[in-house]
Amino acid sequence: MRFCPLFAARVFTLCTLVFAPEVARADDALGRVTRSSLVMPANSVIRDIMAQAEPVGTPHRPLRSPGLPTGLTYTLDASIAFPYGQTGSSANLPGGIDAVLGYGINKFHRVQAGYYEFQEYPFGFNTGTVPVYLQGLSSPVGTANLSGQPVDAATKNKILTLVSQNLFLIGGKLPVIISPTYLARTANVGGHGDTQLVEINGFPQTVHLRSSQEYLLPLTVPFVASPRFFGTLTAAAQWNVNLNGANAAPNHAQIFELLYLEYRASRSTTVFVQPSRLVQYFAIDPDPEYVPTLLFGISHKFTKNTFVQMLGSTGGASNRKHPGITSITCQQIAPNGSCAISAPAVSGLHAAQVQIQFGIGSPSVIPL
Amino acid sequence: MNSRALAAAALIAGLSACSGGGGRSIPALGAATAPAGGTPVAAPRLRLVGVGDSLTAGVQSNGLMGADVAPNPYYTGRASGSPFPIVQATQTHGFWALLWSQANGIAADDAATSPLPLIAPPGVGQILVPQDSSGSLTSISAACGANNALAFNYTSASGTRLNPAAVPYDVGIPGQTVHEALYQVAPQTSCGVAADAGVFGGLANIVTSESGALYPVLGNFPRNTTQVAAAAGLHGTIDTVWLGSNDLLKYAFSAGALPPTDPAALQADIVAIVHALQESGAKVAVANIVDIMHIAFFVAQPALPAVFGARLTPIIGAAAAATAGPQLAAQVDATYHLGSGGYLTISGLTKILTAAGQGQTLPQLGAGDIVPDALAVKIIALNAAYNAAIAAAVTQTGAVLVDVHGPLATAYAGGGIPVAAKCCGFIYGQGAFSLDGIHPSNTVYAVIANIFIQTLNAGFGTSIPAVDVKAVYATDIYAPH
């Protein structure tokens, strides 16, 4: 038995650990989709209904019968995004697109399908030092410096929503939108899919890191509406409808909460802020992640149907101790003494980014 | 326990690719996993299931083998040749095989009815044999030859078995720690990784045993089945659990560099194992572990003068050895800083004597060759802590404790296990251990079997007859007569 250099140093870099780059997963992408597909449509309806909430400079017009827009509508935009914060990587984020198609059956019922792409670079994949294990053994055999050989954790979330929007008027005046929703998401990570061998509860398992399917039942109501300010509250029951990986059964309903507040600086320019507590439930999560998220930004309409919007967002799981990779487990030692197969253990995530969208339609009035 | 090579011949190996792995669909922790191929043999009286390491598997002399090799290729029939006419099977002499045979009235060496995963000669690992009358050891197989070339691959591992269609009831896997019994799902290395290769070479050597034995033992179960999941899938009436020795040995063999298992974690794992087996319908008996530093593989520093003197006597004569032995011991202590509480291993001893015989200076020794006294103190403390943890786990789960530690510690203090006039002392060659100095001789396996039998009879109301230890001793090739 020869003394192992690993044991002497107990420190080595990630260069000996070979694992696929698809290692990132969620932060606040769901928040942005929620805003786009659930909240903003509801907001636009509510705003439209509440006559006093017309944007600054909008000619006052008589009250009309409230209702959802009818007929076919669409929105299309393209975006670029930049991460900020200490990601430990200089990798660029990929571009993205959003496409939404809606059809109003009547003024109380509307259906909408949306496809959204959101980019992010989560923290904790290229920074810090984590323990290294050998599969089966209980004690770590060394440590790995994650900055030694950065993996590409640049993530493009791809989210599909199918929404049925239903308008209710409380007392004939207060609009309430209830929007039963099916949401399916997956992602490209590091330019590949999101399939990754990870260590879950001591076992290696191949999962789709950032794929999930959910049902949501959001309810949106206004809490402020004035010429300058407009705000809504949304709460939604949420169910993970495809248990897999580490997901634990029974699958209890979760509640996500969201507040939206906008300030209209002019007829064409709006500033907004959106704090929320999202719920995410991916294959590596035995229980849901609770993700306090803050979105903020500014939108500007060049013409009636063209816009630019800058959106900042940041969020991280509050019920996970460390974001990103928490350990690496070597599954098999190669004949040359390197690690032939390794799997990271991944915990809750934290990411922050800025997205700039250029589109047709309206960033805040996605047709209902 | 972790199998260790003792002789240079057993340490030199060619490098070959022995890949494992494959699909990665993992069952839930402890979930009973039914066999995927083969049929369990009949258990006419008592369905026993063995969970453990090399002690449960029946390792001796650094290997696992289910049938004799006759004749021993090194046996010449002359006085100068190997004293072993055959290379004896190991598995059938293990305590668990004896326990099964006593409980069911069936010999464990018949491939058609054996509850053991019988390994075809020349076994897995590298079984040691004396190659001549001097006692110098060699192996009957290469590290990556014969069965070892098949053992690390799920598809080919059944080729190592004499009874590939028989689902074994003894699923003990040599080399496994407590945690590995719960979590190991594939070989962690291949055969023949050099200890100084890459970052993980040293670690590969420490996990070679369980990596090479996993598929030969669990090959009847689906990929990614753990030992405990397989045991649960067998739905035994009484399951025996004997684990923990490798948690100490891996710590010792890494010279303390591999962090030791935390006693609390070991207790939690034992509890998880027992619960998984109980949920499968079994009553569970859990054995504690012997004092690792009492096994023959570790030679205490104070004993070195006498040991060196005894080893040198056949070479240079008793008178010269009486002087040279203490001198060599003092030189060793000064060179390797063993300390009064330290140990030299049989591996280190062999290297030193080989160098001395060739007129060389003391060789460079590494992890696995020496245990300095500071490390020995930690190992001894951990040994006690692990036994306390096992006892606590037994209390916590309602299992039955098999106290192997107590009787053997008493015997050690008394100078040996009193089976016969010449047997069985704990010092290497005095009959308690096989040629690796780690795993018991046939006789001591029989003694251990009786400890289990006595406990099962008292704890579970069985009436398993005791093994005739003297009869076992009479044919024990490892015991002096």
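Just so it is clear, the model here is predicted, and its values are computed rather than measured. Here is the naming used below: chain letters follow the sequence lines, and residue numbers restart at 1 for every chain. Keep in mind that the numbers below use all heavy atoms, side chains included, and drop hydrogens, waters and symmetry copies.
Between chain B and the residues A:Gly202, A:Gly136, A:Ala334, the most heavy-atom pairs under 4.5 angstrom are made by A:Gly136.
Both the backbone and the side chain of A:Leu137 come within contact range of chain B, each with at least one heavy atom under 4.5 Å from a heavy atom of that chain. In this structure, chain A has heavy atoms under 4.5 Å from both the backbone and the side chain of B:Ala204.
If you look at B:Tyr215 and B:Phe152, their ring centroids are not closer than 6.0 Å. For B:Phe297 and B:Phe253, the ring centers sit closer than 6.0 Å to each other.
Contact annotation: the side chain of B:Leu214 approaches that of B:Gln184 to within less than 4.5 Å [non-hydrogen atoms, C-beta and beyond].
Interatomic distance, A:Tyr182 OH to A:Glu214 CD, rounded to the nearest 0.5 Å: 9.5 Å.
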